[in-house]
Amino acid sequence: MNRRYSERVITGLNHLASGKIRDLYAVGDDLLLVASDKISAFDYVLESEIPDKGRILTQLSMWWFRQLADLVPNHVISADVEQFPAELQPYKEELRGRSMLCRKLSMVQVECVARGYLTGSGLAEYERTRTANGVPLPPGLVDGSRLDRPIFTPAMKAEVGQHDENVSFEDMAERIGDPELAAQLKDLTLAVYSRAREIAEERGIILADTKFEFGRLRGGTLVLADEVLTPDSSRFWPADEWKPGRTQSSFDKQYVRDWLSSPASGWDRKSDTPPPVLPEEVVQATRARYVEAYERLTGAKFD
Ligand SMILES: CCOC(=O)Cn1cc(-c2ncnc(N)c2C#N)cn1
């Protein structure tokens, strides 16, 4: 396990894995997904933490799971620490609001990405080949262009720290060895993204793209796993700043990006050195953006 995570992992629980931001534990036959307050930028996990980020994004995920329940079942048993098993009760204050007790699934090893706008790795391929994951796109698209119809651009999971490998739908179907499941993943990914994009745009937030993970329950039912539709699993853009043809402003990370890119940070992004600690005002402004995203989307106050 990477040294960075050692101080984050709750000793005394059965730790299974750590991603950049979240940790996974085994709890009996179930799993516990815990979101930290870490934030990543420019492919680094920053030393600075954003207070409450884990709680805000977990509560946002739970809100989305409820909004989408008619479209697709999900893996969550509970996000209420008072309902967690006895073995977790000694840690309940540390876990409160930032953890989801989930059913253990047989995970589908595909990152199910939906794109409603062209940017990032999708744009890079388009600029080379006028396609996205092998699917031809119209000419004249630029960074941030809204696509007429959302596209499914699956990726095969990469090793920790590497970028996922974008693959064509046919290649993904071949690699999971189940064309019917591949079609189901595509349909579900696009249906859930389309619903979420509509909800977000009504609230002034562009959901440019998102990454879902699916898994199967013992009986074979396909359910939505992981976190969903958070600024960590998706690109959130403020709709009133959208301007195709340039890098879009990130709803949640722009303050961090701007400060790290400014002379004030003294950091050279092209160097191999990790980014410096963030000034308190950048931390607090970023926290406020996560709270704003949560409150605008859910209509509820974050407390
Ligand atoms: C540590 C952060 O990385 C992840 O959580 C990714 N991941 C999820 C699983 C998983 N495995 C079985 N059942 C589930 N319900 C899930 C979920 N979610 C494994 N890795």
Side-chain angles (χ1 to χ4, degrees), residues 1-40 43-46 49-50 53-66 68-69 72-80 83-85 88 91 94-95 97-113 154-165 176 181 184-185 188-189 192 196 210-234:
M1 174 175 55
N2 183 305
R3 182 185 53 74
R4 279 180 310 199
Y5 304 135
S6 56
E7 71 279 8
R8 191 172 89 199
V9 170
I10 302 172
T11 52
L13 291 186
N14 182 354
H15 176 247
L16 292 178
S18 285
K20 290 194 291 188
I21 310 292
R22 294 169 305 147
D23 305 302
L24 197 63
Y25 300 87
V27 181
D29 292 337
D30 302 323
L31 293 178
L32 187 73
L33 203 46
V34 183
S36 75
D37 291 344
K38 288 297 209 182
I39 185 170
S40 68
D43 284 337
Y44 284 93
V45 178
L46 304 189
E49 297 191 347
I50 309 299
K53 174 175 176 284
R55 287 177 58 226
I56 297 165
L57 268 57
T58 298
Q59 296 313 309
L60 182 56
S61 254
M62 290 303 294
W63 182 82
W64 280 117
F65 278 129
R66 291 190 292 271
L68 300 163
V72 60
N74 62 68
H75 67 152
V76 180
I77 297 166
S78 170
D80 178 358
Q83 294 175 4
F84 283 5
L88 295 179
Y91 310 97
E94 188 172 356
L95 295 174
R98 65 171 72 246
S99 50
M100 299 188 295
L101 187 67
C102 303
R103 299 203 184 295
K104 189 187 302 180
L105 305 173
S106 169
M107 296 302 285
V108 178
Q109 293 305 314
V110 178
E111 302 289 4
C112 291
V113 177
M156 302 314 283
K157 291 184 186 184
E159 292 307 311
V160 174
Q162 304 299 315
H163 284 284
D164 297 333
E165 176 199 0
I176 67 172
L181 174 59
Q184 209 184 349
L185 293 172
L188 264 181
T189 297
V192 172
T210 196
K211 182 190 292 187
F212 296 124
E213 295 203 25
F214 292 92
R216 285 188 148 150
L217 292 168
R218 253 197 298 283
T221 308
L222 194 64
V223 305
L224 197 46
D226 201 16
E227 65 180 328
V228 288
L229 297 159
T230 71
D232 277 357
S233 67
S234 322

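Just so you know, ligand 1 is whichever comes first in the structure, and atom 1 is the first atom listed for that ligand. The model shown is predicted, which means the values in this text are computed figures rather than measured ones.
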Which pair of heavy atoms, one from L222 and one from P73, lies closest together, and at what distance?
O-CG, 3.8 Å
Side chain to side chain contact (heavy atoms under 4.5 Å, CB included) partner of H75, chosen from L217, L33, L224
L33
If you measure every N or O of H75 against every N or O of ligand 1, does any of those distances drop under 3.5 Å?
yes
Looking at D232 and K20, is any side-chain nitrogen of the basic one under 4.0 Å from a carboxylate oxygen of the acidic one?
no
Do the non-hydrogen side-chain atoms of R103 and I77 ever get within less than 4.5 Å of each other?
yes
Atom 13 (N) of ligand 1 [closest protein heavy-atom partner, distance rounded to 0.1 Å]
L105 N, 2.8 Å
Distance under 4.0 Å to a non-hydrogen atom of L33: what atoms of ligand 1 satisfy this?
5 (O), 18 (N)
Going by the order shown, which atoms of ligand 1 are within less than 4.0 Å of some heavy atom of L24?
1 (C), 9 (C), 19 (C), 20 (N)
With heavy atoms under 4.0 Å as the rule, classify the contact between L16 and ligand 1 as side chain, backbone, both or neither.
neither
Nearest 0.5 angstrom please: W63 CH2 to T58 OG1, how far?
15.5 Å
For K104, the ligand 1 atoms with a heavy-atom partner under 4.0 Å come out as 13 (N)
shortest atom 11 (N) of ligand 1-to-protein heavy-atom contact is with M107 CG, 3.3 Å
Tell me, which protein residue and heavy-atom name are nearest atom 14 (C) of ligand 1, and how many Å apart are they?
L31 CD1, 3.4 Å
In ligand 1, the atoms that come under 4.0 Å of a heavy atom of G19 are 1 (C), 2 (C)
Where is the tightest heavy-atom contact between W64 and L229, given as atom of each residue plus distance?
NE1-O, 2.9 Å
May I ask you to say whether D226 pairs ionically with K211, meaning some side-chain N is under 4.0 Å from a carboxylate O?
no
For D226, the ligand 1 atoms with a heavy-atom partner under 4.0 Å come out as 17 (C), 18 (N)
Measure the distances from the heavy atoms of G215 to every atom of ligand 1 and state whether one is below 4.0 angstrom.
no
Flag the pair E213 and K157 as a salt bridge only when some basic side-chain nitrogen lies within less than 4.0 angstrom of an acidic carboxylate oxygen.
yes
Closest approach of any protein heavy atom to atom 3 (O) of ligand 1, naming residue and atom:
R22 NH2, 4.0 Å
